[in-house]
2 protein chains.
Amino acid sequence: MSVSRPSGRSSVTPPTLADVAERAGVSRQTVSNAVNNPDLLREDTLSRVQQAIAELGYLPNRAARNLRTRASHLIGLPIKAAEEGTANALMDRFVHSLVDSSREAGYHVLLFSGTRTGKAVDELPAYDDLLRSTAVDAFVVTDTYLGNPQAEWLDQRRAPFVAFGRPWNDPDARHPWVDVDGAAGTEMATTHLIERGHTRIAWIGWRKDSLLGEERRAGWSRAMRSRDIPTSGLASRVEDTVSSGREASAVLLDEAHPSAFVCASDTLAMGVLHTLAERGLSAGHDIAVTGFDDSQVAQTVPPGLTSVRQPLEDVAVEVVKALEGLLGAPPTVHPGVLLTPRLVVRGSS
Amino acid sequence: MSVSRPSGRSSVTPPTLADVAERAGVSRQTVSNAVNNPDLLREDTLSRVQQAIAELGYLPNRAARNLRTRASHLIGLPIKAAEEGTANALMDRFVHSLVDSSREAGYHVLLFSGTRTGKAVDELPAYDDLLRSTAVDAFVVTDTYLGNPQAEWLDQRRAPFVAFGRPWNDPDARHPWVDVDGAAGTEMATTHLIERGHTRIAWIGWRKDSLLGEERRAGWSRAMRSRDIPTSGLASRVEDTVSSGREASAVLLDEAHPSAFVCASDTLAMGVLHTLAERGLSAGHDIAVTGFDDSQVAQTVPPGLTSVRQPLEDVAVEVVKALEGLLGAPPTVHPGVLLTPRLVVRGSS
DNA sequence: ACTGTGCGTTGGAACGATCCAGGACCGAGC
DNA sequence: GCTCGGTCCTGGATCGTTCCAACGCACAGT
């Protein structure tokens, strides 16, 4: 009952555990238990404390809790600049779902980016700082393409993190991951075109050193081969830019005479639409096109671009599940989750 | 020199201020000063402490610092779901720049969203929780359209925040804001079309209760009127969707025979492109079109959509400047900053 | 009556930083 | 020689929470 603070201060300072304790006539620890382990309290005590909490509008101070529990209840999410001139803006849906799922699990999402030195962006110091200053409990890493050092670095450091994307280059990586079955997506797109009567279906994908690109390509060739449709001369591998897609499709049209294109990205598919527009061909009517990611570009471009839509909302949910397993008590072995995309059919096919 | 912690623990626990102090042979407070007020130290002491810091790889514990200073060094940024089927994804550039500028000012960005109850999303409880639990120091609010209660609520609560967008509905709002001169943007677009020889230039914008939309419309009519070009019958006001843009442009083409369209958004402009495609007209060749926001859609759609590009990077920089003024010592009066966009010309005009 | 066994609750210590009041030291001034 | 003022540094208290050891109490077992 000691007056540990001058009265009248409550108008500027939020109420603390001690204030609630005094009002409810219990000790601080009991209030703490009421918040974190209600089961430990007798029913009448619990309700008395809860009423005091409600009356004062008490909410635990995060900094104090974080200090004591050695946890920040924050999840670090690195963001890269969206490339200009591409259709890639899929992070939006993912981020939003990640924020929602995280909140339900008691976490918030902290954004950060690497420091730019000249042109190259080095992200590792940023990870390091956040870890060492205990600013975040874990990371979500979204790029696990070949040669990306972050996942490996974090693994070595035994820093908790979950990857969106398989550990392509590291078969015995220990961290949890969630990914989307890209091959299944392109296979759906290709099968869809075959069912529409197409047989000469071209592939425009990424350079061979992109394992992600090779996987998507595998979906196309699997669908073709399972119906004994030849694929030779129908595949092209280029950079992920609109102009590359435009040039590749022009060459393919001249040399292989396809009636449809399956692309590894919406960006490449937009390149195909450029070629068609230049030649006075109509997408969907004369030549069919499918993309990948169901970007806003795919949704709005006339006549609508058929595209493979990744279940980013579900990915985020799985990522948070994995994070909970990582940070919670049970040392669960979370191997990896593979989700299946779906095809959104629009006017371009 | 007291052994305040069991040895061997340093391998798992990051070094603390006390560790650095012991190694450098100074008190904790001196280390703290070396980090926060280097001027107070004698030169040789400072370098000795700095060396100890470097050797141990010390970084201040965020939670402890936050607890003591009653600040989280976090800035809350609410995110809304990007609407499907529109071209609006402009947050990407803004967020990235905000993260970068914030880091330079010593802050990180915390994402949050409202809790969905049924269909409506109520964000105010989320703001309230973050404030009361001292999880963030300030907010950045990005939607200040009419009827948005957040800015007003925060103002009343005297919570520190900066708005991206003018306080349209509250002339005597006290908070700092940063905005882009939309009228200047549409005026540039319209003038550009006039210089290309167009005289019948139509406007497709938003419903009248959108002050933001009315401002953009004013830029169009200002450019027209300053050259004595009549505007009657050439304006349309609809919802911000692709289909609305398509329908509005179809009606305008039939009734007013414009040779060019200035649109309040890329989404509406895409609607125009749909109409043109349906009628076998060529954007840029037969009919000129301009959009607003320079979205990825504008950048990738054939033949390229001329669009007004907001200086989002600069907006973020100004927002952080305002935040620093708000949270720093000097109670600066930061009235409001208005930036000018620029026109990115592409094939559609 | 005496000892164990839970349950519900308690007060002190700790997390790691900063705030604050004051101490050691040194040269200047009378 | 003594005080004074300033610079540089120190040790204790504190922020608000959770961890930890232990305590009072009611009840069951020998």
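From a predicted model like this one, the values you see are computed outputs, not experimental measurements. Just so we're on the same page: letters track the sequence lines, and every chain starts at 1. Values below: every heavy atom of this structure, side chains too, minus hydrogens, waters and symmetry copies.
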Inset, instruction - For the pair A:N61 (side chain) and A:A63 (backbone), establish whether a donor and an acceptor sit closer than 3.5 Å, ignoring hydrogens and angles. - result: yes

Legend entry - For B:E55, side chain to side chain contact (heavy atoms under 4.5 Å, CB included) partners two or more places apart: B:R23, B:Q51

Inset, instruction - Mind listing the residues from residues 43-64 of chain B sitting with a heavy atom below 4.0 Å of DNA chain D? Number order is fine. - result: B:T45

Might you list the N or O atoms of the protein lying below 3.5 Å from N or O atoms in nucleotides 24-26 of chain D, with each pair's distance?
none

Legend entry - Base-contact (B) and sugar-phosphate-only (S) positions in nucleotides 23-28 of chain C, heavy-atom cut-off under 4.0 Å, - elsewhere: ------

Inset, instruction - Could you tell me whether the side chain of B:S97 and the main chain of B:R93 form a donor-acceptor pair under 3.5 Å? - result: no

Any protein N or O atoms within reach of nucleotides 11-14 of chain D? Criterion: under 3.5 Å, listing atom names and distances.
unit_1	atom_1	unit_2	atom_2	d
D:dG12	O6	B:R28	NH2	3.2
D:dA13	N6	B:R28	NH2	3.2
D:dT14	O2	B:R68	NH1	2.6

Inset, instruction - For A:R166, check side chain to side chain contact (heavy atoms under 4.5 Å, CB included) against everything at least two apart and list the hits. - result: A:W168, A:W177, A:D179, A:E215, A:L338

Legend entry - Under the ring pair (Phe, Tyr, Trp, His ring centres under 6.0 Å) test, residues paired with A:Y58 that sit two or more places apart: none

Inset, instruction - Please identify each residue that fulfils side chain to side chain contact (heavy atoms under 4.5 Å, CB included) with A:D44, with sequence neighbours left out. - result: A:R42

Inset, instruction - Identify, with sequence neighbours excluded, every residue that meets ring pair (Phe, Tyr, Trp, His ring centres under 6.0 Å) alongside A:H73. - result: A:Y107

Inset, instruction - Could I get the full list of side chain to side chain contact (heavy atoms under 4.5 Å, CB included) partners for B:A126, not counting sequence neighbours? - result: B:F112

Legend entry - d(CG, B:L17; P, C:dG16) in whole Å: 11 Å

Inset, instruction - Describe, as an angle rounded to 10 degrees, how the axis at the first end of the helix from C:dA1-D:dT30 to C:dC30-D:dG1 is tilted relative to the axis at the last end, five pairs per end. - result: 60°

Inset, instruction - Could you note down all residue pairs passing salt bridge (charged side-chain N to carboxylate O under 4.0 Å, His left out) where residues 148-164 of chain B supplies at least one of them, sequence neighbours left out? - result: B:D128-B:R157

